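Working notes, structure below.
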Amino acid sequence: METVAVIDFETTGMSPGQGARAIEIAAVLVRGGRIIDRYQSLMNPDTYIPPFIEQLTGISQAMVRSAPAPDRVMRDVADFVGAHPLVAHNASFDQRFWDAELARIDAVRVQPFACTMLLARRLYPEAPDHKLSTLVRFAGLPASGRAHRALADAEAAAHLWIRIMDDVQGRLQGAGITHRTLATLQSVPRAGVDAHLLGLQRRFDRATRR
DNA sequence: TGCCAGGCCCTCTTTAGGGCCTT
């Protein structure tokens, strides 16, 4: 049974290339349609936290002052997720910070990312928008605590991932759905989703035909 | 001095522009 790690960063800005740093990370392990383990930690990159970020996240300079250094946190969370495939909402954002913070400890990501936002755009075009908070309400997913804290957002994205897995499975007949299946689906143009799923079903039928 | 992300997607597109989404 495949396990994935759903992650979420809180950061001081939009881009590590512009000097932004991670100040909190959470990772949630999902297997068999449920959350089986959680990791969360603040980290202290010893940098300025803009007032906007403090207001958005509730994470203050005082809170990170006593937090562990980023290198220790990144080693811990990298150990926690291991080689499991990674998932995030708008994964291009979290992937940039994941790779940048790993590079600071001379480590390299070993697994691919999948993106719940790209998948939701394809599977739920009727949603009002594809913000994580909107999709949680739209899909009737469990509330996970304060938005814009890493663990709450990682849990919300994990519930969304589980719903996406269920919905895709429901549109297919017995075909096994994996992280790789969905990572491919997220790159299919929206108009081609039905044809892509039909193709998956046909391949599954051929592979299982006696 | 002023500005500063980046990838994806849609469309009044493709010789481009603008909105979405993440903090």
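Just so you know, these numbers come straight off a predicted model, no measurement behind them.
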Counting only pairs under 3.5 Å, give me each side-chain donor-acceptor contact of residues 61-75 of chain A, with atom names and distances, residues two or more places apart or in other chains.
unit_1: Q61(A); atom_1: OE1; unit_2: I49(A); atom_2: N; d: 3.2
unit_1: Q61(A); atom_1: NE2; unit_2: T47(A); atom_2: O; d: 2.7

Sugar-phosphate, base or nothing in reach of D129(A), heavy atoms under 4.0 Å: sugar-phosphate

R149(A) CZ to dT23(B) C1', straight-line distance once rounded to whole Å: 14 Å

For atom OH of Y124(A) and atom P of dC21(B), their distance in whole Å: 15 Å

Contacting residues from residues 107-117 of chain A, given that a heavy atom lies under 4.0 angstrom of DNA chain B: M117(A)

Between dC21(B) (C1') and F97(A) (CZ): distance, integer Å: 14 Å

Distance in angstrom units between Q95(A) CD and dT22(B) C1', rounded: 13 Å

All pairs passing ring pair (Phe, Tyr, Trp, His ring centres under 6.0 Å) where residues 125-156 of chain A contributes a residue, at least two apart: none

Rounded distance in Å between the P positions of dG18(B) and dT23(B): 26 Å

Distance between C1' atoms of dT1(B) and dG7(B) (Å, rounded): 30 Å

Nucleic acid contacts - residues 4-12 of chain A versus DNA chain B, non-hydrogen atoms under 4.0 Å: D8(A), F9(A), E10(A), T11(A)

Close side-chain approach of E101(A) and I25(A), heavy atoms under 4.5 Å: no

Hydrophobic cluster (4.5 angstrom, side-chain heavy atoms) - remaining members for L198(A): none

Test item: Q186(A) side-chain N/O and C115(A) main-chain N/O as donor-acceptor pair under 3.5 Å: yes

Closest approach of Q201(A) to A175(A) (non-hydrogen atoms, all atoms of both residues): OE1-CB, 4.5 Å

Electrostatic pair R38(A):E155(A) at N-O distance under 4.0 angstrom: yes

For A88(A), all residues meeting side-chain contact (heavy atoms from CB on, under 4.5 Å), sequence neighbours excluded: I7(A), A91(A), D94(A), F113(A)

Separation between the C1' atoms of dA16(B) and dG2(B), rounded to whole Å: 25 Å

Separation of the P atoms in dC3(B) and dC8(B), to the nearest angstrom: 28 Å

Near-strand residues of residues 177-193 of chain A, defined as heavy-atom separation under 4.0 angstrom from DNA chain B: Q186(A), R190(A)

Distance test, side-chain N/O of H130(A) to OP1/OP2 of dC20(B), below 4.0 Å: no

Rounded distance (nearest 0.5 Å) linking atom CZ of R163(A) with atom OH of Y124(A): 6.5 Å

Whole-Å distance separating the CG atom of D94(A) from the P atom of dC21(B): 15 Å

Contacts of type side-chain hydrogen bond (donor to acceptor under 3.5 Å, both in side chains), residue D37(A), not counting sequence neighbours: none

Sidechain N-carboxylate O distance under 4.0 Å for D46(A), R21(A): no

Residues which pass salt bridge (Lys or Arg N to Asp or Glu O under 4.0 Å) with R149(A), listed by chain and number, not counting sequence neighbours: E24(A)

NE2-CG distance between H89(A) and D153(A), expressed to the nearest 0.5 angstrom: 9.5 Å

Closest-nucleotide 5' rank along DNA chain B - winner of R121(A) and D153(A): R121(A)

Below 4.0 Å: OP1/OP2 of dC21(B) and any side-chain N or O of H89(A): no

Between the protein and nucleotides 3-6 of chain B, list the N/O to N/O atom pairs that are separated by less than 3.5 angstrom.
unit_1: dA5(B); atom_1: N3; unit_2: R96(A); atom_2: NH2; d: 3.3
unit_1: dG6(B); atom_1: O4'; unit_2: R96(A); atom_2: NH1; d: 3.4

Between dC21(B) (P) and L56(A) (CG): distance, integer Å: 16 Å

Listed once per pair and sorted, the ring pair (Phe, Tyr, Trp, His ring centres under 6.0 Å) pairs that draw on residues 33-87 of chain A, sequence neighbours left out: Y39(A)-F80(A)

Sugar-phosphate only, base, or nothing, as touched by I23(A) at under 4.0 Å among non-hydrogen atoms: nothing

Residues that Q55(A) engages under side-chain contact (heavy atoms from CB on, under 4.5 Å), provided they are two or more places apart: none

Separation of the P atoms in dG6(B) and dC12(B), to the nearest angstrom: 29 Å

